[in-house]
Amino acid sequence: MSHTLVTILGKGREDRSTGYRKTIYRFPDGTKTEPTAFFGLALTRHLAPDAIVILGTKSSQWGVLVEHLATEGEEDARLELMEAEAAAAVKQTLLDRVTPIMARAVGRSVMPKLIPFGQDADEQYDILSVVADIVPNGTVSVDVTHGFRHLGIIGFLSAFMLERVRNLTVRDLWYGALDMTRDGITPVLRLDGLTRVRRWLNALDRFDATGDYGVFAPLLKEDGVPADKADCLTAAAFHERTLNARDAARKIGTFLPVLAERLAGASGLFQRRLAERLGWVKPSDLAEQQRKLAYQYLNRRDFIRAAMFGWEAWVVRICMKHEVSPSDFEQRQATVRIFEEELRKDMHSAWLASAHGTLKNIRNALAHGTPSNSLYRGMLKDPDRLYRELEAALKRLLG
């Protein structure tokens with residue numbers, strides 16, 4: 001799988017010949033670079049990516065960079081680029097002309113790309129669009145060291161946009177902390193913590209939208225949770241999505257002891273939030289678990305699962321009242337028939353009969369897509385009305 005480094009070229013002016021101040025960079029593994037003014041080049045040597053994307057504005061130090069890389073016999077393009085840089089008039093066509101110089105110097109594919117200054121929302125979107133279009137498939141590392149300060153933020157955001165829009169894997173974010181230089185040594189920071197926090201936020205958003213616990217499993221494994229425990233969440237999601245609340249609760253119950261102690265890494269920051277989302281399994285009463293799931297799915301406006309779990313909770317309750325097993329299909333069906341016969345004989349209150357009929361008919365209409373009458377056809381055309389009617393039925397039947 002190919003690996004691409006995305007780096008930003010700024011407008012350094014600390015040294016007229018190099019642009020940035022030369023320094024020795026020290027990476028987290030302890031290795032050090034030769035004195036260099038361009039962190040992106042030092043990072044290229046350290047990571048050995050297959051390709052490097054260099055982003056810069058029309059006033060970035062393109063000319064100084066090319067002069068740093070060029071060899072004899074390449075003066076024309078180099079001088080033209082430096083003149084354009086001085087006038088803040090660099091064009092993409094000129095960058096394309098000097099691309100072979102840079103590629104030959106770094107020994108890999110180089111893609112210099114002109115970006116706007118990002119002074120307003122449209123220009124910021126343009127930058128993100130450029131990054132999404134130019135980065136090849138595979139994995140990507142992002143260097144947010146140089147350039148205007150706000151370009152670092154845009155670079156950070158672009159990394160996660162690539163993960164979501166292009167399905168690329170962001171390996172790491174890098175920052176050469178020049179302001180932390182001591183005795184000529186500049187530490188290089190890997191911003192992995194920010195990467196994992198962002199992934200946790202994405203996972204929480206995805207879970208809240210879909211109810212899929214499996215999104216947490218890889219993040220927990222990265223922070224040291226045993227695979228057999230983390231995979232219980234993936235299994236629980238499968239069982240829940242097949243309306244098997246009993247086995248879903250059992251799998252989550254196997255995982256829950258993991259949360260008894262502080263989790264490592266970014267997982268620890270979101271531990272309480274994760275526990276809250278798993279809290280529906282705490283009551284041992286199956287009907288109560290199903291009732292809580294019904295309301296969770298109702299709040300997501302996943303009306304099908306809300307109605308299904310609501311109906312299951314109601315059926316389990318009446319089975320328990322008649323002391324029969326809700327897992328025995330024949331006994332279960334017989335118990336429902338007994339209750340509905342009681343309704344026909346007016347043995348229950350009108351409000352209970354109405355709520356039961358509403359929930360049953362909504363469930364059937366959603367499951368089959370064929371509402372039995374105009375009342376339910378109207379509900380299925382109006383999400384707000386469907387929400388209100390379903391919520392009212394659940395409250396009357398289940399509390």
Side-chain angles (χ1 to χ4, degrees), residues 4-49 51-75 77-88 90 94-95 98-115 117 141-153 155-156 172-191:
T4 302
L5 170 63
V6 178
T7 185
I8 299 173
L9 185 65
K11 192 181 178 182
R13 284 290 180 263
E14 292 197 29
D15 187 298
R16 292 181 63 86
S17 61
T18 65
Y20 293 118
R21 169 162 49 97
K22 283 189 175 182
T23 187
I24 296 173
Y25 287 101
R26 183 183 64 240
F27 287 93
D29 63 2
T31 59
K32 297 178 183 178
T33 69
E34 295 294 324
T36 181
F38 296 98
F39 176 64
L41 297 180
L43 187 57
T44 298
R45 288 188 285 271
H46 182 76
L47 297 178
I52 176 171
V53 172
I54 306 176
L55 306 175
T57 68
K58 60 185 179 182
S59 63
S60 293
Q61 53 181 339
W62 295 105
V64 178
L65 173 63
V66 173
E67 186 174 18
H68 179 78
L69 296 174
T71 58
E72 294 296 327
E74 297 170 332
E75 289 83 358
R78 186 173 61 196
L79 291 175
E80 185 178 350
L81 184 58
M82 293 185 71
E83 290 174 1
E85 175 197 328
V90 175
L94 186 51
L95 293 180
V98 299
T99 295
I101 299 175
M102 292 187 278
R104 185 165 59 251
V106 300
R108 55 188 36 83
S109 173
V110 176
M111 292 168 276
K113 195 68 178 179
L114 206 60
I115 58 174
F117 290 104
S141 297
V142 181
D143 165 29
V144 296
T145 303
H146 297 309
F148 298 117
R149 291 184 186 274
H150 70 285
L151 291 182
I153 299 173
F156 180 77
D172 30 46
L173 300 174
W174 296 90
Y175 177 67
L178 197 62
D179 52 344
M180 297 172 66
T181 301
R182 296 291 183 274
D183 300 323
I185 306 295
T186 300
V188 176
L189 310 182
R190 283 183 60 172
L191 307 180

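Everything numeric in this text was worked out from a predicted model, so none of it was measured.
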**Asked** To the nearest 0.5 Å, what is the distance between OH (Tyr25) and OG1 (Thr31)?
**Response** 14.0 Å

Donor-acceptor list for residues 42-49 side chains, cut-off 3.5 Å, not counting sequence neighbours:
{"residue": "Thr44", "atom": "OG1", "partner": "Gly40", "partner atom": "O", "Å": "2.8"}

**Request:** Using modelled atom types only, decide if a donor and an acceptor are shared between the side chain of Thr7 and the backbone of Ile54 within a distance under 3.5 Å.
**Result:** no

**Asked** Nearest 0.5 Å, what's the OG1-NZ distance between Thr23 and Lys32?
**Response** 10.5 Å

**Message:** Less than 4.5 Å apart, side chain to side chain, heavy atoms only: is that true for Tyr175 and Met180?
**Reply:** no

**Asked** Should Phe39 and Asp143 be marked as a side chain to side chain contact (heavy atoms under 4.5 Å, CB included) after you check the CA-CA gap, both sets of side-chain angles, and the distance that decides it?
**Response** CA-CA 9 Å; Phe39 176 64; Asp143 165 29; 3.4 Å; yes

**Message:** For Asp183, is the CG atom crowded, meaning more than 12 foreign heavy atoms sit under 6.0 Å from it?
**Reply:** no

**Item:** Gap between atom CE of Met111 and atom OG1 of Thr99 - 0.5 Å precision
**Value:** 10.0 Å

**Request:** Would you check if Lys58 and Phe117 make a side-chain contact, meaning some heavy-atom pair closer than 4.5 Å?
**Result:** yes

**Message:** Using 0.5 Å steps for rounding, measure from the CG atom of Leu41 to the CD atom of Glu34.
**Reply:** 13.5 Å

**Complete:** Here the pair of heavy atoms bringing Trp62 nearest to Pro112 is CZ3-CB, 3.6 Å

**Asked** Does Thr33 reach the main-chain N or O of Ile24 with its side chain, forming a donor-acceptor pair under 3.5 Å?
**Response** no

**Asked** With distance as the sole criterion, is a donor-acceptor pair present between the side chains of Ser60 and Thr57 under 3.5 Å?
**Response** yes

**Message:** For a 4.5 angstrom cut-off between non-hydrogen side-chain atoms, does Leu191 reach Asp172?
**Reply:** no

**Complete:** Separation between CH2 (Trp174) and OG1 (Thr145), nearest 0.5 Å, reads 10.5 Å

**Prompt:** Does any non-hydrogen side-chain atom of Leu9 lie less than 4.5 Å from one of Leu55?
**Reply:** no

**Asked** Is there a side-chain contact between Val188 and Thr186 (heavy atoms, below 4.5 Å)?
**Response** no

**Message:** Return the NZ to CD1 distance between Lys113 and Ile8, rounded to the nearest 0.5 Å.
**Reply:** 15.5 Å

